[in-house]
Amino acid sequence: MKNITITTDLTVYNSINELPKATQQLLEQAIAIRKKAYAPYSKFRVGAAILLDNGEVILGSNQENAAYPSGLCAERVAIFYAGSMYPEAKIVQMAITAASDTTKTETPIPPCGACRQSIAEYEIKQDSPIEIYFMGESGDIYKSNSLKNLLPLMFDKNFL
């Protein structure tokens, strides 16, 4: 028997003003699209903004449905749109923000498991890391240099 230690390396920013200007703008776009989320059931709004290597910015917000599994998270709305409209472009950065209509979210909210797996697919496909910035409504912003920090034992095509 042996033990395996897995570590995660994240950078923490205390405010949006500490981020590079381009990343601030990406996060501001994520905040703006978050406010357009369709979340009548959970009252939990998420916005995602993706910067592609061709300069395009793709936005997504969560879209709920009364049949809960039929909805889609903001991250997957954005990443699937990017994949369908710009299949050859690489994803450089992703900014994610989440807020509740009923409580204040001051803790950074990472992507859910399904979104992590979807992001992993694109990071593997493009063979380069995706910087991921995530926050709540306010407070600290976490930066991961790669999805591998958030999903270190990821499932990919090599297992098939």
note = Nearest heavy-atom contact between Leu150 and Pro152 is C-CD, 3.7 Å
ask   = Should we count CG of Asp127 as having more than 12 external heavy atoms under 6.0 Å?
value = no
message = Pair Tyr133, Thr23 - check side-chain contact (heavy atoms from CB on, under 4.5 Å), show working.
response = CA-CA 9 Å; Tyr133 294 81; Thr23 305; 3.6 Å; yes
ask   = For Gln24, does the CD atom sit with more than 12 other heavy atoms under 6.0 Å from it, leaving out its own atoms?
value = yes
query = Hey, what do you get for CG (Leu19) to OG1 (Thr11), rounding to the nearest 0.5 Å?
reply = 10.5 Å
query = Would you say the side chains of Asn65 and Ser70 form a donor-acceptor pair under 3.5 Å?
reply = no
ask   = If you count the non-hydrogen atoms of other residues, nucleotides and ligands that lie under 6.0 Å from NZ in Lys35, is the total more than 12?
value = no
request  = Measure the SG-CZ distance between Cys73 and Phe80 for me, rounded to the nearest 0.5 Å.
outcome  = 9.5 Å
ask   = With under 30° as parallel and over 60° as perpendicular, where do the rings of Phe155 and Phe159 fit, or are they tilted in between?
value = parallel
ask   = Yes or no on side-chain contact (heavy atoms from CB on, under 4.5 Å) for Ser138 and Lys104, after CA distance, side-chain angles and deciding distance?
value = CA-CA 8 Å; Ser138 61; Lys104 189 141 178 94; 3.7 Å; yes
ask   = Got Ile119 and Met94 here, is their nearest side-chain heavy-atom distance under 4.5 Å?
value = yes
key: Ile58 side, atom CD1; Glu56 side, atom CD - distance, nearest 0.5 Å   = 5.5 Å
ask   = If Ile, Leu, Val, Met, Phe, Trp and Tyr residues are connected whenever their side-chain heavy atoms lie under 4.5 Å apart, and connections chain through other members, are Tyr122 and Met85 in the same group?
value = yes
remark   = Residue set satisfying side chain to side chain contact (heavy atoms under 4.5 Å, CB included) with Ile33, at least two apart, ordered chain then number -> Lys36, Leu59, Ser61
inquiry  = Just so I know, are the side chains of Tyr142 and Met135 near enough to count as touching, which here means a heavy-atom distance under 4.5 Å?
reply    = no
message = Quick check: closest heavy atoms across Gly47 and Arg34, and the distance to 0.1 Å?
response = N-CB, 3.5 Å
query = Do Val12 and Ile141 pass the side-chain contact (heavy atoms from CB on, under 4.5 Å) test, and can you show the C-alpha distance, the side-chain angles, and the key distance before you say yes or no?
reply = CA-CA 6 Å; Val12 179; Ile141 298 137; over 6 Å; no
query = So, the side chain of Gln126 versus the backbone of Lys90: is there a donor-acceptor pair under 3.5 Å, distance only?
reply = no
From Ile79, Val92, Ile96, Ile132, residue fulfilling side chain to side chain contact (heavy atoms under 4.5 Å, CB included) relative to Ile50 = Ile79
query = Any side-chain heavy-atom pair from Pro129 and Glu123 closer than 4.5 angstrom?
reply = yes
task = Answer yes or no: is there a donor N or O on one side and an acceptor on the other, between the side chain of Ser84 and the main chain of Tyr81, under 3.5 Å?
result = yes
request  = Calculate, to the nearest 0.5 Å, the distance between atoms CG and OH belonging to Asn62 and Tyr38 respectively.
outcome  = 11.5 Å
inquiry  = Can a donor-acceptor pair be found, under 3.5 Å and without considering hydrogens, that links the side chain of Glu137 to the backbone of Ser100?
reply    = no
query = Are Lys148 and Met154 side-chain neighbours, meaning at least one heavy-atom pair lies under 4.5 Å?
reply = yes
message = For a 4.5 angstrom cut-off between non-hydrogen side-chain atoms, does Pro110 reach Arg116?
response = yes
task = Kindly give the heavy-atom pair with the smallest separation between Gln63 and Ala37, and that separation in Å.
result = NE2-CA, 4.3 Å
Heavy-atom pair of closest approach, residues Phe44 and Ala98 = CZ-CB, 3.6 Å
ask   = If you measure from OG1 on Thr105 to CZ on Arg45, what distance do you get to the nearest 0.5 Å?
value = 12.0 Å
key: side-chain contact (heavy atoms from CB on, under 4.5 Å) between Leu52 and Ile91, intermediate numbers included   = CA-CA 5 Å; Leu52 302 178; Ile91 299 168; 3.7 Å; yes
ask   = How long is the span from the CD1 atom in Ile31 to the CG atom in Leu27, to the nearest 0.5 Å?
value = 4.5 Å
query = Does one hydrophobic cluster hold both Phe134 and Val57, with members joined at side-chain heavy-atom distances below 4.5 Å?
reply = no
query = For Pro87 and Lys125, which heavy atoms make the closest approach, and how far apart are they?
reply = O-NZ, 2.8 Å
ask   = Looking at side-chain heavy atoms only, is the closest gap between Lys157 and Ile124 below 4.5 Å?
value = yes
query = Does Ser146 reach the side chain of Ile130, with side-chain heavy atoms less than 4.5 Å apart?
reply = no
query = Strictly by modelled atom types, are Tyr86 and Glu88 linked by a side-chain donor-acceptor pair under 3.5 Å?
reply = no
query = Is there a side-chain contact between Val46 and Thr97 (heavy atoms, below 4.5 Å)?
reply = no
